[in-house]
Amino acid sequence: MPEGHTVHRLARTFGDLFGGAPVAVTSPQGRFAPGAALLDGRVLVHAQAFGKQMFLGFAPRGPMPGERVAEAESDWLRVHLGLYGSWTFAGDGSVAVVHAIGAPRRRVGETETSLPDTPDDEAQDDVDGPFVPAAPRGQVRVRILGEHAVADLTGPTACEVVTDAERLAVVTRLGPDPIRDDADPQRFVDRAHRSRTAIGLQLMNQDVIAGVGNIYRAEALFRAGLDPSRPGTAVPKETLRALWDDLVGLMRDGVRTGRIVTTRPEHRGRGHELGHMDARRVRQNTDGDPNVVSRDESFYVYHRDGLACRVCGTPVQVRDAAGRNLFWCPTCQS
DNA sequence: GGGCCATGAGCAT
DNA sequence: TGCTCCTGGCCCG
């Protein structure tokens, strides 16, 4: 259940763990067996994210040690995690980059947690020779195995091999991605302002802005003081630009820390007055330092329905919007 | 063991 | 607007 920041972290992780070397690609579950066979044994040369889409680029077949491979010459694995998809990583402990993001992880797409330091892991650390991964757990659509690490994909909404032209077609259709340096904010501003569709719905439309999900949607609208139901045409362009700029900061923070935190410091620390969130509902991506901002102080409105608004005390509301829960404060957002 | 839930999106109607 | 797909964790009994 990732939003864009998680997908960008994933792309970076794939580049770090597997980039520049051949990988074994299999489909333990079998449903992706033909695609896996196409990529098996090839060199991973690109790893990139656009919104919630991840693309892994593989060099053409044949020996190309250390050679640069243009995107146009690559074949791509396109993965979209959807609601349930997740990547599980494990390594032999020798890969520095793994530790740079905390530790080998499991279920990065859903809940980014550190692997427990099991005796098995420690034993593996001391072993010389090829990394022998554990047997896949659950319905593993794709397993990517490198010399020192393994990644297992379960439950994706999309997992397919595409040409570079097909990758470009997907990317071109997407709206600008606030995390990417090459994003054009004006595309978002103009398009959102042109449509009478509620801004709360437009933010969830990946053709309008790529990478925003249900949390960033709700939180960014709260921070902007915007009623989610206001038509795009009724939101001034300057406000849309400010909304974009805010999302750039929030989402890039998310890439950096592996967590979504949208509350400002002055609005935290009031959990006892305003009520606690249900601990079951606040699971989110973490990056090994969950106490920097406690989990129940990370959001203004997301999953806080019925609790007092951190700013004005009005009970936070929730309603169904196009099949998704939409959280907002009716007083602060008008 | 059953039911419910989820940070998503394509497609039919 | 509603259905469908994808999967697993957690609560409840």
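We name chains A, B, ... by the order of the sequence lines, and we start the count at 1 in each one.
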### Query
Contact class for A/Gly323 vs. all strands (heavy atom < 4.0 Å): base, sugar-phosphate, or nothing?
nothing

### Message
Closest approach to the side chain of A/Gln139, judged atom by atom: which nucleotide of B/dG8, C/dG8, B/dT7 is it?
### Response
C/dG8

### Message
Rounding to an integer number of Å, can you tell me how far A/Phe327 CZ sits from B/dC5 C1'?
### Response
12 Å

### Query
For A/Tyr302 and B/dT7, is the shortest distance between a side-chain N/O and OP1 or OP2 below 4.0 Å?
yes

### Query
How long is the line joining CZ of A/Arg319 and P of C/dT1, in whole Å?
12 Å

### Nearest-angstrom distance, C1' atom, B/dA9 to C/dG9
22 Å

## Note on the structure
From CG of A/Asp207 across to C1' of B/dG8 the rounded distance in Å is 13 Å

### Task
Determine the Euclidean distance between corresponding P atoms of B/dC5 and C/dG13; express it in Å to zero decimal places.
15 Å

Atom pairs under 3.5 Å: protein N/O with N/O of nucleotides 9-11 of chain B:
| unit_1 | atom_1 | unit_2 | atom_2 | d |
| --- | --- | --- | --- | --- |
| B/dA9 | OP1 | A/His80 | NE2 | 3.2 |
| B/dA9 | OP2 | A/Lys52 | NZ | 3.2 |

### Task
Examine distances only and state if a side-chain atom of A/Asp164 and a backbone atom of A/Ser74 form a donor-acceptor pair shorter than 3.5 Å.
no

### Task
Give a yes-or-no answer on whether the side chains of A/Glu71 and A/Gln48 include a donor-acceptor pair shorter than 3.5 Å.
yes

### Task
Before accepting this row, confirm whether a basic side-chain N of the pair A/Arg241/A/Asp190 lies closer than 4.0 Å to the acidic partner's carboxylate O.
no

#### Entry: Under 3.5 Å: donor-acceptor pair, side chain of A/Arg137, backbone of A/Thr88
no

### Task
Measure from the side-chain heavy atoms of A/Glu3 and tell me the nearest of C/dT7, B/dG8, B/dA6.
B/dG8

### Query
Does the ring centre of A/Tyr300 sit less than 6.0 Å away from the ring centre of A/His267?
yes

### Task
Quickly work out the A/Asn325 CG to B/dG8 P distance and round it to whole Å.
11 Å

## Note on the structure
Whole-Å distance, A/Arg137 CZ to C/dT7 C1', equals 13 Å

Donor-acceptor pairs under 3.5 Å, side chain of residues 226-236 of chain A to any protein atom, not counting sequence neighbours: which ones?
| unit_1 | atom_1 | unit_2 | atom_2 | d |
| --- | --- | --- | --- | --- |
| A/Asp227 | OD1 | A/Ser229 | N | 2.9 |
| A/Asp227 | OD1 | A/Ser229 | OG | 2.8 |
| A/Asp227 | OD2 | A/Ser229 | OG | 3.2 |
| A/Arg230 | NH1 | A/Ala234 | O | 3.4 |
| A/Arg230 | NH2 | A/Ser334 | O | 2.8 |

### Protein-nucleotide distance (A/Asp320, atom CG; C/dG2, atom P), rounded to Å
8 Å

### Message
Taking ring-ring contact (aromatic ring centres under 6.0 Å, His included) as the definition, give me every residue that meets it alongside A/Tyr216, ordered by chain and number, with sequence neighbours left out.
### Response
A/His5

### Task
Calculate the interatomic distance between A/Glu160 atom CD and C/dC5 atom P; express it in whole Å.
18 Å

### Query
Rounded to whole angstroms, how far apart are CG on A/Asn214 and P on B/dT7?
5 Å

